[in-house]
Asks: 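Below are the structure tokens for one structure; questions will follow.
Just so it is clear, the structure is predicted and the values come from calculations on it, not from any experiment. Each chain gets a letter, A, B and so on, in the order the sequences are listed, and its residues count up from 1.
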There are 2 protein chains.
Amino acid sequence: MPAKPAAQRRSDCPLNATLEAFGDRWSLLVVRDLMLLGRRTFREFLESGEGIATNILSDRLQRLEAQGIVEKRPDPADARKVLYRLTAKGLDLAPILVEMIVWGARYHDTAAPPSQIRAMTRHRERFLAEVRKRWAEAGRS
Amino acid sequence: MPAKPAAQRRSDCPLNATLEAFGDRWSLLVVRDLMLLGRRTFREFLESGEGIATNILSDRLQRLEAQGIVEKRPDPADARKVLYRLTAKGLDLAPILVEMIVWGARYHDTAAPPSQIRAMTRHRERFLAEVRKRWAEAGRS
DNA sequence: CCGGATCCGTTTCGATACTG
DNA sequence: CAGTATCGAAACGGATCCGG
């Protein structure tokens, strides 16, 4: 009696799938580090200001990797290090990130870099194009 | 010895402020219910498919209200009922929602309403304009 | 040193039962 | 109908340990 469409229960709406992928406090911050702040190593994420614990960071990286949002590989320059980067799927999170940042800047007005926010708000497509370009260039590491 | 700028610690980036506002599994689903599915009462949110628990729903509604994202008021037609609706600040979450839905539909391809997704993806501004219009009309209840 | 894994006390979440 | 109260489960976060 398998009748129940159980596993599907929460995925009727794509929003749900998205929230399952990174509907938590940390995952998107890691993505932001990769996408906008140029961070690439475990250590750099750790020091990225918000104070994530090593076990949590480790867990989120694994989770993001399992979902094909980030990928890791050894640093070609220094075999001891590991580098992370966004996959194409991860890069496609950029519009979400941008909208979240714009909303946050608008309503919570943190001490944020004004110029970048401005660029993001006024010329979204241009900003996104730049992000994609940088990503493509970095890809050919 | 209050010296520490403690409460500020996590809000250097607007993304952080946003994640603090609704970086959890449920808040955005409630917003979606209000914005896209026309739900307005506690009960309707409950039955909205994903199976949120009453205490969680209660908590999220309070939290969203405290942040000025939703507001409540008695149903003018039936004083026993309580109606929720988005504030202007809440309405401004629409672009985030749209991008999250688009991303989810693209990569996790849930059994989702194809036509609406298509409209959302291809004509984002038009779609957003409609959402805003509906909201404005409903506002003069 | 770097990238984690493990242990453990604390906080938060969430399913169910219950109330005004 | 619109929520609380309760209580077990899960997540968090700090410290510490470990392999390379």
Asks: Any idea which of dC2(C), dG14(D), dG14(C) is nearest the Ile56(B) side chain?
Replies: dG14(C)
Asks: What orientation do Trp103(B) and Phe22(A) show, parallel under 30°, tilted 30 to 60°, or perpendicular over 60°?
Replies: perpendicular
Asks: Counting just side-chain N and O atoms, does Trp26(A) come under 4.0 Å of either OP1 or OP2 of dG13(D)?
Replies: yes
Asks: Looking only at heavy atoms, what is the nearest atom pair of Pro95(B) and Leu91(B), with distance?
Replies: CD-O, 4.5 Å
Asks: What's the CG-P distance between Leu61(B) and dC13(C), to the nearest Å?
Replies: 15 Å
Asks: Nearest to the side chain of Arg43(B) - dG3(D), dG3(C), dC1(D)?
Replies: dC1(D)
Asks: Does Thr54(A) get its side chain close enough to the base of dA5(C), under 3.5 Å, for a donor-acceptor pair?
Replies: yes
Asks: Under 4.0 Å between a side-chain N/O of Tyr84(B) and OP1 or OP2 of dG3(D), yes or no?
Replies: yes
Asks: Quick one: is dT4(D) close enough that its OP1 or OP2 comes under 4.0 Å of any side-chain N or O from Gln62(B)?
Replies: yes
Asks: Looking at side-chain heavy atoms only, is the closest gap between Leu34(B) and Phe45(B) below 4.5 Å?
Replies: yes
Asks: Between P on dA10(D) and CZ on Arg25(B), what's the gap in Å once rounded to a whole number?
Replies: 16 Å
Asks: Do any side-chain nitrogens or oxygens of Ser58(A) fall under 4.0 Å of OP1 or OP2 in dG3(C)?
Replies: no
Asks: If we only count heavy atoms from C-beta on, is the Ile117(A) to Arg106(A) side-chain gap below 4.5 Å?
Replies: no
Asks: Nearest heavy atom decides the nucleotide; on that basis, is Asn55(A) or Lys81(A) closer to the 5' end of DNA chain C?
Replies: Lys81(A)
Asks: Reckon Arg80(A) has a side-chain N or O less than 4.0 Å from the OP1 or OP2 of dC2(C)?
Replies: no
Asks: Between atom CG in Leu57(A) and atom C1' in dG14(D), what is the gap in whole Å?
Replies: 15 Å
Asks: Could you pick out which residue, Val82(B) or Ala53(A), lies toward the 5' side of DNA chain D when each is mapped onto its nearest nucleotide?
Replies: Val82(B)
